[in-house]
Undergrad: 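The structure under discussion is supplied below as structure tokens; questions concerning it will follow.
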Amino acid sequence: MAHAHGHHHHHHAVPPDRGAQTREAHKVTLIGAVIDFVVGVAKMVTGFMVGSAALVADGIHSFSDILTDVFVLGATHFGRQEPDSNHPYGHGRIETLATLWLGSVLIFVAGGIAWASLIRLVAGEPIPAPGLWAIGIAVIALGAKEWIFRYTMRVARRVNSRLLEANAWHSRSDALSTVVVLVGLVAAQFGAGWMDAVAAIVVGVMVGQVGGRLLWESSQELIDTALPEAERREMQAVAERVPGVRGVHDLRTRTLGSQAVLDLHIVVPPRVTVSEAHEIGNEASRRLREAFPLLADVTFHIDPEDDAGETEHSLRPGLPLRGEVEGMLEQTWQEVPAWQARVALDLHYLDNQVDVSIFVNALPEGQSLTQAADELRDACRDLTWVGRLRVWQGPGKG
């Protein structure tokens, strides 16, 4: 599906494995949710039985994971949908928003863990020895959470999803808090109950850091931060190597979820036809996509001369378009035989002037092309916008 509007061009090709990626993301998240549920129930029940506040808190943490798992399922599903009429740029920003949200949740969880533990430290309430049961449950939970972290991380890297990565770290934060609880449980077994609280504070800080990083990265994306400088330079180089490209400027990138969009201006030789220039642009677009699979969309604009750094064309006074040009020339040249004999008229808009090429089948008796051109040029001295003027003879008598 390619559609061209004059010099602008959109090329929309969705990498074929989008659906498979989404399914994979869903699978790993579902498995994670099930494990979270089982682990959470086990921790809470055991925690209540042996009277360990840390274990109960940890169970609650596992349940908070289920909430985010459900959330991630929704966001990856909606975030990877095809563009539609209301969201012509796709739905990638849904993933960004979800990551933002998840980062905030992590920071709150972290604050909660640390605060609760601080209170317990200050109050110094004695913690009874938990027994081997509780320690065993914590070890099993730890193993399960660490496994789901590694699994989710692998998938996240493969499908290039920040959101899945965020969720993986969420599982890891649960595993970390379990480590801490474990340390506390073992210490309490040997009579050092306060260790439990200290360790919980440490975990709180770790979880908070992850949340902070996620918030930072997704905010960068929401304010349309470009891709890294090195990648932009490489893109510029790829486009400049295309035959027929005289220069590339105003190259702009931004990220949308796990993909990126690019737009750029391509300078072509000034007198190529529109369709040739467009094909040069298509080739540049094709090469960029091959080199950078993360590009969801490439838009190019064709320039017949380098206008980098100049005011936007639409803000400058315009030159007369074809209809007006023909009218003015008709008034000026109505007496000139070469103009009346024309079969075609070519216009090139360059250097803020209009170059005019006139094609004739045959010239009036005894007039050479040069003479015809001189006669026309003399007649239009007053039209300041006329640039170079040429007369061409067609396939009549050569």
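Only heavy atoms go into these numbers, but all of them, side chains included; no hydrogens, no water, no symmetry mates.
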Undergrad: Salt bridge or not for Glu221 and Arg254, using N-O below 4.0 Å?
TA: no
Undergrad: Supply the atom-to-atom distance Ile266 CD1 to Leu251 CG, rounded to the nearest 0.5 angstrom.
TA: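 Output value for this atom pair is 9.5 Å.
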Undergrad: Where do Arg289 and Ala296 come nearest, in terms of heavy atoms and distance?
TA: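 Shortest heavy-atom contact: NH2-O, 3.9 Å.
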Undergrad: Give a yes or no on this: more than 12 heavy atoms of other residues, nucleotides or ligands lie within 6.0 Å of atom CZ of Arg213.
TA: yes
Undergrad: Can you spot which of Glu240, Glu234, Arg233 makes a side chain to side chain contact (heavy atoms under 4.5 Å, CB included) with Gln236?
TA: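 Going through the options one by one, the only one that passes is Glu240.
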Undergrad: Using every non-hydrogen atom in the two residues, find where Ala260 and Leu227 come nearest and quote the distance to one decimal.
TA: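 That closest heavy-atom pairing would be CB-CD1, 4.0 Å.
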Undergrad: Between Glu24 and Lys27, is there a side-chain N and carboxylate O pair less than 4.0 Å apart?
TA: no
Undergrad: Is any side-chain heavy atom of Glu217 closer than 4.5 Å to one of Gln220?
TA: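 Gln220 vs Glu217: side chains apart.
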Undergrad: What are the two closest non-hydrogen atoms of Met328 and Pro320, and how far apart are they?
TA: CE-CB, 3.9 Å
Undergrad: Find out whether Gln353 and Val386 are in side-chain contact, i.e. whether some heavy atom of one side chain is under 4.5 Å from a heavy atom of the other.
TA: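 When only atoms from C-beta onward are counted, Val386 and Gln353 do not touch, as no gap falls below 4.5 Å.
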Undergrad: Do Leu295 and Val261 pass the side chain to side chain contact (heavy atoms under 4.5 Å, CB included) test, and can you show the C-alpha distance, the side-chain angles, and the key distance before you say yes or no?
TA: CA-CA 6 Å; Leu295 286 176; Val261 290; over 6 Å; no
Undergrad: Does CZ belonging to Arg271 count more than 12 external heavy atoms closer than 6.0 Å?
TA: yes
Undergrad: In Å, rounded to the nearest 0.5 Å, how long is the span from CG of Leu369 to CD1 of Ile358?
TA: 11.5 Å
Undergrad: State, to 0.1 Å, how close Ala138 and Thr178 come at their nearest heavy-atom pair, and which atoms those are.
TA: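 Closest pair (atom of Ala138, atom of Thr178, distance): O-CG2, 3.4 Å.
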Undergrad: Please step through side chain to side chain contact (heavy atoms under 4.5 Å, CB included) for the pair Phe37 and Val41, ending with a clear verdict.
TA: CA-CA 6 Å; Phe37 183 74; Val41 170; 4.1 Å; yes
Undergrad: For a 4.5 angstrom cut-off between non-hydrogen side-chain atoms, does Ile135 reach Val186?
TA: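 They are in side-chain contact.
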Undergrad: Same hydrophobic cluster for Val139 and Val38, using side-chain heavy-atom links shorter than 4.5 Å among ILVMFWY?
TA: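 No; Val38 is not reachable from Val139 via cluster members.
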Undergrad: Trp339 and side-chain hydrogen bond (donor to acceptor under 3.5 Å, both in side chains): which partner among Glu330, Glu375, Gln334?
TA: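 Among Glu330, Glu375, Gln334, the one meeting side-chain hydrogen bond (donor to acceptor under 3.5 Å, both in side chains) with Trp339 is Glu330.
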Undergrad: What about Leu164 and Ile94, same hydrophobic cluster or not, with Ile/Leu/Val/Met/Phe/Trp/Tyr joined at side-chain heavy-atom distances under 4.5 Å?
TA: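 Each belongs to a different hydrophobic cluster.
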Undergrad: Tracing side-chain links under 4.5 Å among I, L, V, M, F, W and Y, which residues wind up in one group with Phe359?
TA: Val343, Trp392
Undergrad: Is it the case that atom CZ in Arg390 sees more than 12 heavy atoms from other parts of the structure closer than 6.0 Å?
TA: yes
Undergrad: Side-chain contact test, heavy atoms from C-beta onward, threshold under 4.5 Å: evaluate it for Leu347 versus Asp355 and give yes or no.
TA: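 No, their side chains stay 4.5 Å or more apart.
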Undergrad: Please lay out, stage by stage, how Gln371 and Asp374 fare under the test side chain to side chain donor-acceptor pair (under 3.5 Å).
TA: CA-CA 5 Å; Gln371 286 168 332; Asp374 288 341; over 6 Å; no
Undergrad: Compare every heavy atom of Ala362 with every heavy atom of Gln393, then report the nearest pair and how far apart it is.
TA: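 Scanning both residues completely, I find the closest heavy atoms to be NE2-CA, 3.8 Å.
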Undergrad: Would you say Leu215 and Leu100 make side-chain contact, with heavy atoms under 4.5 Å?
TA: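 Yes - at least one pair of side-chain heavy atoms lies under 4.5 Å apart.
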Undergrad: If only side-chain N and O atoms count, and only distance matters, is there a donor-acceptor pair under 3.5 Å linking Asp250 with His301?
TA: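 Side chains of His301 and Asp250: no pair found under 3.5 Å.
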Undergrad: Given the rule that I, L, V, M, F, W and Y join up when any side-chain heavy atoms are under 4.5 Å apart, are Leu350 and Leu329 in one cluster?
TA: no
Undergrad: What pair of heavy atoms forms the shortest contact from His348 to Pro270, and how long is it?
TA: ND1-O, 4.0 Å
Undergrad: Under the criterion ring-ring contact (aromatic ring centres under 6.0 Å, His included), I'd like the reasoning laid out for His278 against Phe300: C-alpha separation, chi angles, the key distance, then a yes or no.
TA: CA-CA 9 Å; His278 188 246; Phe300 61 80; 5.8 Å; yes
